[in-house]
Amino acid sequence: MTPGSTSAACAALFRRDLTLAWRRRGDIAMPVLYAVIVTTLFPFALGPEAALLARISGGVVLVTVLLAILLALDSLFRSDIDDGSLEQLMLAPQPLALLLGVKILAHWLTAAAPLIVVAPVLASMLRMPANVIPALIAALVLATPLLSLLGAVLVALTAGTRRSGMLLALMLLPLCVPVVIFAAGAVAAAQEGLPWVAPIAWLGAALALALVLAPMACAAALRIAMDA
Amino acid sequence: MTPGSTSAACAALFRRDLTLAWRRRGDIAMPVLYAVIVTTLFPFALGPEAALLARISGGVVLVTVLLAILLALDSLFRSDIDDGSLEQLMLAPQPLALLLGVKILAHWLTAAAPLIVVAPVLASMLRMPANVIPALIAALVLATPLLSLLGAVLVALTAGTRRSGMLLALMLLPLCVPVVIFAAGAVAAAQEGLPWVAPIAWLGAALALALVLAPMACAAALRIAMDA
Amino acid sequence: MSQFFAMGGYAFYVWVSFAVFFIVLLVDALAPLVRRRRNLRELRARMARSDARRRPGSNA
Amino acid sequence: MANWVPLWLHKLGSPPIFYRFAGVVRPWALALAILAALAALYGGLVLAPADYQQGDAYRIIFIHVPSAWMSLFIYGAMAVAAFVGLVWRIKIAEVVAMESAPIGAAFTFITLVTGSLWGKPMWGTWWTWDARLTSELVLLFLYLGVIGLYHSFEDRRQGARAASFLALIGIVNVPIVHFSVNWWNTLHQGSTVRILGPSHIEMSMLWPLLTMMLATKLYYIASLFARVRADLIATESGKDWVRAIALAENGDRP
Amino acid sequence: MRAAESANVLIEARALTYSRQDEVVFGPIDFAIHAGDIALIEGDNGSGKTTLMRILTGMLHTDEGELIFEGAPYTRDTTAGAIVFLGHHLGLKLDLSARENLHVAEGLYGRRDGADPLGVLTSVGLAGYEDEPVQRLSAGQKKRAALARLLLVPARVWLLDEPYANLDRDGIALVNRLLGEHAARGGAALVTSHGAVSFAGDEPRRIRLHA
Amino acid sequence: MRAAESANVLIEARALTYSRQDEVVFGPIDFAIHAGDIALIEGDNGSGKTTLMRILTGMLHTDEGELIFEGAPYTRDTTAGAIVFLGHHLGLKLDLSARENLHVAEGLYGRRDGADPLGVLTSVGLAGYEDEPVQRLSAGQKKRAALARLLLVPARVWLLDEPYANLDRDGIALVNRLLGEHAARGGAALVTSHGAVSFAGDEPRRIRLHA
Ligand code: HEM
Ligand SMILES: Nc1ncnc2c1ncn2[C@@H]1O[C@H](COP(=O)(O)OP(=O)(O)OP(=O)(O)O)[C@@H](O)[C@H]1O
Ligand SMILES: Nc1ncnc2c1ncn2[C@@H]1O[C@H](COP(=O)(O)OP(=O)(O)OP(=O)(O)O)[C@@H](O)[C@H]1O
Ligand SMILES: [Mg+2]
Ligand SMILES: [Mg+2]
């Protein structure tokens with residue numbers, strides 16, 4: 001008998017999730033399209049005044065990206081729960097936290113990373129000055145994995161329920177307020193020509209912490225949620 | 001044998017959907033909470049400057065309500081499809097369009113109507129002047145059922161797929177751009193002290209049309225989606 | 001007395017505040033009492049039903 | 001030294017004993033709460049003089065501040081109970097945590113409403129995106145998230161465990177939200193709020209305030225115990241002691 | 001094909017075929033279901049039983065072959081109210097009790113003479129569970145609640161996709177008894193099964209897929 | 001309880017009870033599963049078979065009674081890798097082919113000596129369907145794909161919740177053959193069934209719920 005090694009398990013899971021994402025590659029485009037469309041709605045709802053749009057561009061893009069991630073998060077474990085794969089994962093003789101970390105990574109790569117690529121485009125559509133864009137990208141690079149990790153813990157908690165993504169939004173909001181404040185702080189500082197390293201550093205520190213703690217919390221949450 | 005009368009069927013279905021909503025009354029609160037949360041995010045992302053918030057309050061509230069309805073729409077047929085109730089509904093000897101109309105009405109009452117109640121509160125939190133609020137309410141009273149009806153057709157079309165709410169968002173957003181433009185037009189006119197009856201009248205006309213056509217389109221879409 | 005109720009022109013704010021305080025807490029206090037009654041009622045119904053199940057003649 | 005303390009706690013962990021204990025304590029706590037509240041109201045609304053700057057509007061302080069304080073205190077109590085429930089799987093602790101959440105949410109709601117009603121005459125607006133106000137709103141969302149998660153599970157115990165977990169994650173957020181005063185919002189309005197510096201406060205205003213704080217604490221105990229009793233009836237419904245209560249109470253009413 | 005009885009034919013299929021992506025799922029089959037018939041659709045896993053069922057409900061369409069309902073073409077108008085379907089998904093609302101579920105079915109389909117929700121629940125062995133949310137019932141109990149619907153509504157044709165799955169011995173006997181009574185009342189039923197357990201009454205008609 | 005064989009006991013339950021909202025789902029039961037045992041968990045609909053299965057996977061916890069795995073308490077650490085579970089939900093990714101699904105299982109659980117994905121697919125009768133997305137398989141074919149996983153991974157204890165449901169006669173024989181071979185290899189299995197169809201090999205141990 002050949003018991004599976006941990007690295008083989010992680011690799012198999014990572015490949016599986018990427019393959020599945022590729023098979024449904026339409027779904028990868030979804031968060032991006034969602035962000036594009038929501039951003040597009042704002043000029044319609046607010047009128048096309050350039051100064052106003054530039055003023056709010058950073059905030060609107062951040063909120064939009066956050067909402068898109070929120071929507072995508074719901075699918076993190078959904079299909080695995082529905083088809084029983086999650087139970088198979090939980091019974092595997094590997095550290096569950098590690099496996100979940102791999103899943104979160106794959107999910108971030110397929111759902112959130114494309115948003116970072118498209119965000120600058122959306123921001124420029126809203127007339128964000130070019131010199132602010134680097135701050136926006138830096139903020140998103142740190143904020144999106146942070147949101148994915150925090151969100152994963154909460155999604156895991158709702159795993160046993162038949163609820164919609166709305167409950168998730170409610171639970172995630174208090175956790176993402178600080179993230180939004182720091183990210184928006186960096187962008188706003190850049191917009192006023194001030195240095196924007198400090199809020200970015202805070203985001204980085206939070207991300208480092210979340211990278212270590214979130215997968216473990218996620219595993220614990222999942223065990224609680226599946227215990228019925 | 002007593003074949004069921006159409007009115008009895010509609011009443012039974014309406015009662016069923018309201019009972020189900022009541023059994024999961026936490027879910028009714030969800031769109032409202034979602035709207036509250038998304039609205040709350042904007043001051044964090046944009047800063048608390050009162051004049052700016054007042055300027056964008058109408059647009060933000062409209063977009064937020066729209067997103068909340070969009071999320072709620074996903075549940076319109078979801079559970080009925082998952083548990084096979086929809087097939088039972090389609091086999092019933094009653095006009096399907098009528099039954100679907102009843103379902104849409106029940107859904108609007110439970111998911112969208114609470115949003116109309118909470119929208120003025122959100123708008124004033126964003127410092128919308130009190131004299132604009134009536135225009136906002138009028139716009140929402142007409143726009144939300146319109147969105148529910150349009151959305152229902154699209155949800156029906158995606159019924160056979162296992163896609164997330166994202167696909168729905170994607171399909172619905174182009175359709176709701178005109179709705180947003182007219183609703184935002186009414187609010188903006190009120191904000192500038194101009195008469196805001198004309199855009200509201202357009203919304204009313206569109207709603208009248210949708211009331212007649214959407215249930216039939218919905219029934220047709222559903223038959224197509226289930227034929228696989 | 002009416003001066004007391006006028007609250008120096010702030011009557012609306014003060015009295016509505018106090019009303020909200022007491023109404024919310026009153027609802028909060030009554031809710032569990034109602035719930036306890038209902039839970040007991042449902043429990044009795046459930047006990048009656050499970051008695052009905054055990055009675056011979058039904059399935060099992 | 002005193003090993004009766006853990007013993008006592010252990011006994012209280014047993015549902016029927018806690019049920020009876022709560023039943024005894026609840027009426028006393030409620031009666032004392034009402035007495036204290038009446039005294040505080042008399043002191044606050046009648047005896048205390050009007051504020052020289054705010055006039056009579058300041059009297060809202062006698063409910064606003066105790067409620068605000070309770071909204072934070074109850075979150076702490078809930079988190080402690082949640083921790084105990086998760087780690088030692090003590091059922092009573094789970095129930096206490098879950099039944100604290102609605103009370104905390106109620107006090108948070110009162111704080112928001114009374115603060116708004118106070119803000120309108122004082123600041124000219126009933127809402128502003130000030131750090132303290134916003135963090136109180138976020139606290140309400142935290143409470144609602146815990147309540148929502150609890151009720152979204154079919155199985156109550158499982159829901160209680162999941163929501164306890166969320167409550168614990170949420171407490172990480174409390175200091176973050178608290179420090180947001182420094183990180184966010186250059187238009188900080190705290191100074192407006194501090195018209196009554198603690199050192200300036202009149203004795204005639206202070207004692208009703210403190211008495212009201214005592215009243216809200218006692219009320220929390222009373223409400224919590226009523227809720228725990230209602231909940232135990234449902235979750236322990238298979239046990240004989242609950243069935244006995246059900247049958248006994250049926251006898252009272254024809 | 002018994003010409004003499006053709007007046008009595010409820011459902012008739014002539015050279016019915018279904019192809020998915022131009023691959024034939026089940027071959028051309030012919031059958032006729034009369035009032036009082038219980039037809040067993042047999043076939044191995046993947047032979048197209050569920051697919052045939054969905055065609056017979058009218059939800060799935062095929063252009064190959066002909067399907068006739070009481071002499072008329074098989075459309076929604078002609079079959080309306082005459083057919084009731086019980087599939088892999090039972091069509092029960094989990095948050096409602098079995099009784100409430102039946103009230104909805106009654107509203108939508110009408111009620112058979114002499115049937116009432118409580119009575120039919122008792123006859124499928126769910127006495128005592130009437131007011132329990134369906135959520136709380138086990139797999140087999142849910143199936144029984146779904147079977148109760150068949151007894152309540154006036155439909156003459158029952159389409160049952162694997163009614164025996166998840167049922168215990170009592171449950172299987174129950175399905176067979178219900179089918180027997182339905183046939184005796186002049187109803188007809190099509191039942192799928194892979195033959196491991198099956199209708200035990202009078203020799204049923206058999207429709208074999210994947211001969 | 002055979003004291004002499006106690007060294008060989010894989011799973012032992014002593015007065016195991018599960019209550020949901022303080023209503024007992026299944027009573028105190030005792031059993032011991034040895035290497036080479038096939039145990040049939042029998043019980044009517046709603047008697048708690050699925051619940052017992054979930055407890056044995058370690059996903060559901062109960063505080064009443066004792067559960068022992070190879071002499072040690074029943075925790076994730078002691079059971080890791082020794083147990084494989086096949087439930088009502090099969091744990092197959094519908095967008096992957098059967099073969100890809102097996103590769104994932106192999107990565108997570110490891111591989112039994114001498115087993116390989118193609119071989120096990122052939123032995124469950126899915127030769128020719130290896131690269132078809134599971135989505136396109138019928139209910140019974142999906143079940144077979146899930147059964148193939150059991151053969152691939154090295155777990156000694158199989159927990160099968162209603163493996164016979166949805167299978168045709170061939171499929172039922174297949175499950176029985178797989179169980180027999182597994183027992184001969186020194187593995188053990190717990191199988192639920194409501195007794196309509198069941199393991200036909202040597203007299204299996206029986207665990208009755210709702211006696
Ligand atoms: C919606 C509006 C408001 C909210 C959400 C709110 C919230 C709070 C909170 C959470 C506290 C407790 C802080 C702590 O214990 O650490 C508090 C205390 C207090 N609030 Fe408000 N407040 C609001 C409006 C106002 C207004 C308009 C005033 C007066 C002009 C006011 C005066 C006070 C005072 C005097 C305290 C006690 C401060 C202390 O001693 O720490 N509040 N408020
Ligand atoms: N959604 C689908 N897309 C493509 N092919 C499908 C789909 N569903 C089923 N099939 C294929 O159609 C054929 C018939 O499937 P069907 O579900 O009707 O079989 P069945 O007789 O009900 O089998 P079982 O006894 O296993 O339930 C199978 O070969 C299957 O592979
Ligand atoms: N989610 C749930 N919530 C509450 N009660 C439940 C739940 N699931 C099952 N039950 C109850 O627990 C008992 C055992 O259910 P279980 O699913 O274990 O039965 P089973 O033996 O697998 O039955 P079947 O043969 O019908 O699948 C049943 O009486 C059922 O009503
Ligand atoms: Mg089938
Ligand atoms: Mg089962």
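The structure displayed is predicted, hence computed values, not measured ones. Chain naming here is simple, since letters A, B, ... match the order of the sequence lines and numbering starts at 1 in each.
With a 6.0 Å radius and a threshold of 12 heavy atoms from other residues, nucleotides or ligands, F:F69 has its CZ atom above the threshold.
Between A:P93 and F:G81 the shortest heavy-atom distance is CB-N, 3.4 Å.
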Legend entry - salt bridge (charged side-chain N to carboxylate O under 4.0 Å, His left out) assessment of A:R23 paired with F:E100: CA-CA 13 Å; A:R23 295 272 154 90; F:E100 287 168 321; 2.8 Å; yes

Legend entry - Derivation of the side-chain contact (heavy atoms from CB on, under 4.5 Å) call for A:T19 and F:L96: CA-CA 8 Å; A:T19 314; F:L96 299 183; 4.0 Å; yes

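Heavy-atom pairs under 4.5 Å with chain A peak, among F:K93, F:H103, F:H61, F:H89, at F:K93. No other option in A:S7, A:A11, A:A92 has as many heavy-atom pairs under 4.5 Å with chain F as A:A92.
The CD atom of A:E87 lies 4.0 Å from the CE atom of F:M59; values are rounded to the nearest 0.5 Å. If you take CZ on F:R76 and CZ on A:R223, they are separated by 4.0 Å, rounding to the nearest 0.5 Å. Distance CG/F:L108 to CG/A:L99: 6.0 Å, rounded to 0.5 Å.
Residues A:D83 and F:L92 fail the side-chain proximity criterion, which asks for heavy atoms closer than 4.5 Å. Put simply, the side chain of F:Y109 does not reach to within 4.5 Å of the side chain of A:Q94, judged on heavy atoms.
For A:L96, the parts lying near chain F are the backbone and the side chain together; criterion is any non-hydrogen pair under 4.5 Å. Contacts of A:D80 with chain F are made by both backbone and side-chain atoms, with heavy-atom separations under 4.5 Å. The part of F:L90 that comes within reach of chain A is its backbone (N, CA, C, O), which places non-hydrogen atoms under 4.5 angstrom from that chain.
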